[in-house]
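Bear in mind that the values here come from a model prediction, so they are computed numbers and not experimental data.
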Amino acid sequence: MDATERLQKMKTIRDFEICSLEIMSNHAKSYFSAGACSKTTPRENEEAFHRYRIRPRVLRDVSNTEMSCEILDSSVSCPIGIDPVGLHVLAHEEAESATVKACCKEDCVFILSSSASRDIKTVANEVSGLSEVHPVLWMQTYIHKDRSVTMDIIRKAEAFGFSAIVVTVDSPNGGLWRKVIPEDFFKVITTKMPILPRLPRYLEDASVTFEDLKWIIQNSKLPIIAKGILSGEDAKKAVEIGVSAIIVSNHGGRLIERVVSTIDVLEEIVDAVSNSTVEVYIDGGIRSGSDVFISLALGAKAAFIGRPSIWGLSVDGENGVKKVLQILKEELLLTMQLAGASTIEDIKRSMVVKI
């Protein structure tokens, strides 16, 4: 069965997951599926959504339902974006080049990982010439031990048209996921992809504090988004030092065993920043349009996907990623109509209950 035939059979995000795990290499499966010591932690992100139920409102005119919205002052087709995930080349030879084109053609936010297999300039150039496309590109970085590495990433992002910097703040060390991948993994990927000299030496700095994040805010021309916050207290500190947005994230369940699920702490963080203009987004476990709807009802401005984009990429490159996004968008649209919301602003907290 060729890629086109496989793609035609994909109806849900779960279909993509099953197919992807059948065709990816062992190293790719190990890397993209890895959780903290086991695969149970990422799954708990998904299962947490099952504790929430949608409570529809009926007899509302939803004949002109509209999902478009503004995310950090950028107009997009829907409140769904693609998270930073490293090493797309393990899933497909066209790597981030395919993913970013698909995302921008669907008019969604794309976040490029600093551990990507394509550099910042290459990714920016892939979409700069696309007609009728207005790319919304954000750049992810860690606060590296060598601060000049971090600042070099930020300066390149500024130069190549990225509109925000996403700083991952939850990684004082590499996390427990490294215990479950093949021992030769980093040796193999650095041999195949010499463009990645930072893996894994520079990712970790256990001394990082909010003062370091403040330093980045003060030295960047772009809005700064803090990714990896899981408590209201930390959200308030981030607001105090001047972040523009927060991504409620537990790193895909890769770092800590038994970490809290992101959907379960979303409301606390939204409430903590409610007196500010800081936007709150979420990732982790989002596998359907209903999950996106629940996230929006609980206060998120947008929901980001990581692994599903990789599953789509592995199945059929750019077309696979596009179909993953199209499935989520269609499911969100239908869910909005069935729940009685004709715009994103119509999605209210009362439309979701926790069981």
Side-chain angles (χ1 to χ4, degrees), residues 28-49 81-88 90-91 109-116 138-145 150 153 165-181 185-186 198-206 208-210 212-213 224-231 234-235 238 243 245-266 268-269 280-287 291 295 300 302-311:
K29 283 188 285 189
S30 296
Y31 177 68
F32 294 122
S33 299
C37 296
S38 69
K39 294 181 181 180
T40 60
T41 308
R43 286 295 185 201
E44 285 168 2
N45 270 342
E46 297 180 41
E47 292 169 3
F49 278 96
I82 291 184
D83 245 351
V85 180
L87 306 178
H88 287 207
L90 293 177
V109 178
F110 176 79
I111 309 177
L112 178 64
S113 169
S114 59
S115 298
W138 297 351
M139 183 67 213
Q140 178 270 342
T141 185
Y142 295 87
I143 304 177
H144 297 274
K145 286 182 180 179
T150 300
I153 291 170
I165 302 295
V166 177
V167 182
T168 298
V169 297
D170 60 3
S171 303
N173 61 49
L176 296 173
W177 68 275
R178 292 185 185 175
K179 293 168 65 72
V180 299
I181 59 173
F185 178 78
F186 287 109
R198 294 189 299 277
L199 272 175
R201 287 185 300 134
Y202 296 107
L203 296 187
E204 303 151 14
D205 185 350
V208 168
T209 70
F210 277 94
D212 297 290
L213 183 59
I224 301 300
I225 301 166
K227 179 180 183 294
I229 287 179
L230 292 172
S231 73
D234 284 346
V243 301
I246 288 168
I247 302 179
V248 180
S249 174
N250 59 20
H251 218 107
R254 294 166 75 85
L255 301 181
I256 308 174
E257 192 76 1
R258 300 291 181 259
V259 70
V260 293
S261 300
T262 52
I263 193 64
D264 284 337
V265 297
L266 174 59
E268 175 188 335
I269 292 168
V280 177
Y281 319 127
I282 187 173
D283 68 21
I286 292 162
R287 301 292 182 264
D291 294 340
S295 300
F304 287 84
I305 58 169
R307 290 182 178 93
S309 64
I310 295 298
W311 300 334

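- Ring geometry for Phe304 versus Trp138: interplanar angle of 30 to 60°, hence tilted.
- Closest non-hydrogen pair, Gly306 versus Val85, comes out as CA-CG2, 3.8 Å.
- Closest of all the heavy-atom pairs between Val243 and Ala226 is CG1-CB, 4.2 Å.
- Looking at heavy atoms from C-beta onward, Ile153 lies in side-chain contact with His144 at the 4.5 angstrom threshold.
- Here CD of Gln140 is found 9.5 Å from CD1 of Ile165. Values are rounded to the nearest 0.5 Å.
- A heavy-atom distance below 4.5 Å is not found between the side chains of Pro42 and Arg254.
- A donor-acceptor contact shorter than 3.5 Å is absent between the side chain of Ser33 and the backbone of Ser30.
- The heavy-atom pair separating Leu266 from Ser295 by the smallest distance is CD2-O, 3.4 Å.
- Between Asn250 and Asp170 there is no side-chain heavy-atom pair separated by less than 4.5 Å.
- Proximity of a side-chain donor or acceptor of Thr150 to a complementary backbone N or O of Tyr142 within less than 3.5 Å is detected.
- Contact record, Asp234 with Ser231: N-OG, 3.1 Å, taken as the closest heavy-atom pair.
- Within the model, atoms CD1 of Ile225 and OG of Ser249 stand 12.5 Å from one another, a figure rounded to the nearest 0.5 Å.
- No donor-acceptor pair closer than 3.5 Å links the side chain of Thr262 to the backbone N or O of Val248.
- You'll find the side chain of Asp83 reaches within 4.5 Å of the side chain of Lys227, heavy atoms only.
- Minimum heavy-atom separation, Ile143 to Leu213: CD1-N, 4.0 Å.
- For the atom pair OG1 (Thr141) and CD1 (Ile224), the distance works out to 9.5 Å, reported to the nearest 0.5 Å.
- Taken to the nearest 0.5 Å, the CG atom of Asn45 stands 8.0 Å off from the CZ atom of Arg287.
- Taking 4.5 Å as the limit, some side-chain heavy atom of Ser171 sits within range of a side-chain heavy atom of Leu255.
- In this structure the side chain of Ile310 reaches within 4.5 angstrom of the side chain of His88, judged on heavy atoms.
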side-chain contact (heavy atoms from CB on, under 4.5 Å) between Ile247 and Asp283, worked out
CA-CA 7 Å; Ile247 302 179; Asp283 68 21; 3.9 Å; yes
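- Using a 4.5 Å cut-off on side-chain heavy atoms (C-beta onward), Phe49 and Ile286 make contact.
- Applying the side chain to side chain contact (heavy atoms under 4.5 Å, CB included) rule to Val260 yields the partners Leu230, Val265; only residues at least two apart in sequence or on another chain are considered.
- No donor-acceptor distance shorter than 3.5 angstrom exists from the side chain of Ser261 to the backbone of Ile263, with no hydrogens or angles considered.
- With contacts defined as side-chain heavy-atom distances shorter than 4.5 Å, the pair Ile256/Thr41 does not qualify.
- The two residues Phe32 and Gly86 have their closest heavy-atom pair at CE2-O, 3.5 Å.
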